Amino acid sequence: MMFSTHNHYHVEVRRRLFYDETPLKVCGDYDIYINTFLKYSENLKQESEREFIKEFKDTCSEYGGNVTYVGKVARPIIDSVQIPDVSKDDPKPTLHFVVLSAWDSKNDFLKLRMEYISTSKIWVKEISQGLRRSGIKNLLIPQVVAFLGYVSGKIDIIEPANEPKGEEAVEVHYHGETKGEVYKKVNQIAKAIGDDGPSDEPLLMWNWLQESKIKKERDADNAYGLKMMKMLGQNGGGIIHMFDTVQLSDDNNDGVFDRVVAVHYPHRKFMSTLLRSQWMFDTTKGKSPGDTLACLTVPFSMAK
């Protein structure tokens with residue numbers, strides 16, 4: 001089981017589906033990783049995206065970095081109060097790419113940011129988190145997720161949620177929003193995810209997480225996370241990367257977050273079905289996260 005789980009997450013999913021080249025060694029080769037969200041100018045053509053990313057990767061190499069993952073943003077899913085100009089409700093893309101890169105020093109990345117990104121005619125927005133990666137933790141997490149799925153009772157994500165009516169619709173459900181509001185928003189997101197690309201296209205959600213300062217809310221959020229891992233473990237999904245954050249600079253323009261987690265969902269059809277399900281609606285009840293920025297990505301290949 002351990003070998004098949006390792007092969008599924010780290011070979012079939014991470015490397016072959018998402019072209020992720022992050023080293024698997026228990027002791028990492030790099031001092032720091034950087035998770036970067038990028039937006040290119042609206043005046044540029046989408047057909048040139050591979051050229052934009054090639055330039056970004058080549059320039060990172062010149063400054064001593066190594067890009068290990070590039071994902072195309074399918075859509076922002078959760079908005080952060082710390083990053084107000086990235087919005088899931090904006091009809092225009094507020095982000096285009098999510099990049100993971102490895103560096104010997106954060107100062108090398110900061111030099112890249114100052115000398116290349118800030119002066120580039122391509123990139124009009126960049127926000128980044130410095131990261132520390134535990135090799136042992138990232139090797140074991142997929143095993144834990146698969147085990148949780150195996151020992152848990154069968155979870156039904158097929159049955160769609162019933163639309164709240166009357167007094168039920170105005171009950172608080174999630175993070176201050178009513179059941180009626182959550183039901184409507186979630187179904188809109190589910191439809192967009194299902195409609196915006198091939199139904200079998202794999203998805204990777206990048207989450208920048210800041211824990212709530214209230215213990216009751218942290219406990220509720222942890223309980224939600226455990227339920228999600230059990231469900232994903234039964235369906236071939238789960239955590240692909242988990243990092244602790246490292247502050248890049250003193251100005252906090254990137255926001256202050258505690259962890260960065262990348263979660264794999266098998267494909268668009270799966271996630272669209274999951275979001276509409278009664279199980280998901282019930283599971284999110286009472287969830288009270290701190291501040292989160294979450295972006296859903298799809299594989300981005302440099303090959304035409």
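Reckoned from all heavy atoms, side chains included, excluding hydrogens, waters and symmetry mates. Along the sequence shown, residues carry numbers from 1. On a predicted model such as this, the values are computed, not experimentally measured, just so you know.
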With a 4.5 Å limit on heavy-atom distance, are the side chains of [X] and [Y] in contact?
X: M280; Y: M228; result: yes
X: V67; Y: L100; result: no
X: V263; Y: V261; result: yes
X: E211; Y: D258; result: yes

Worksheet entry | CA sep, side-chain torsions, deciding dist, call: Y33, Q129, side chain to side chain donor-acceptor pair (under 3.5 Å) | CA-CA 8 Å; Y33 285 83; Q129 290 293 308; over 6 Å; no

Fill in: Set of residues satisfying ring-ring contact (aromatic ring centres under 6.0 Å, His included) with respect to F257, sequence neighbours excluded
W208

So, are [X] and [Y] salt-bridged, with charged N and O less than 4.0 Å apart?
X: E21; Y: R15; answer: no
X: E126; Y: K39; answer: no
X: K72; Y: E49; answer: yes
X: D85; Y: K125; answer: yes

Worksheet item: Does the side chain to side chain donor-acceptor pair (under 3.5 Å) test come out yes or no for S80 and D291, once each step is laid out?
Response: CA-CA 6 Å; S80 165; D291 187 38; 2.6 Å; yes

Fill in: ring pair (Phe, Tyr, Trp, His ring centres under 6.0 Å), paired with W206, selected from F97, F37, Y265, Y69
Y69

Worksheet item: Does the separation of the ring centres of H264 and Y9 fall below 6.0 angstrom?
Response: no

Worksheet item: Does any donor atom in the side chain of R268 or S272 lie under 3.5 Å from an acceptor atom in the other side chain?
Response: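 Judged by distance alone, the side chains do not pair up.
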
Discussion item. Using the rule side-chain contact (heavy atoms from CB on, under 4.5 Å), only one of I158, N162, I157 pairs with Q278; which is it?
Written reply: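 Output: one option passes, namely N162.
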
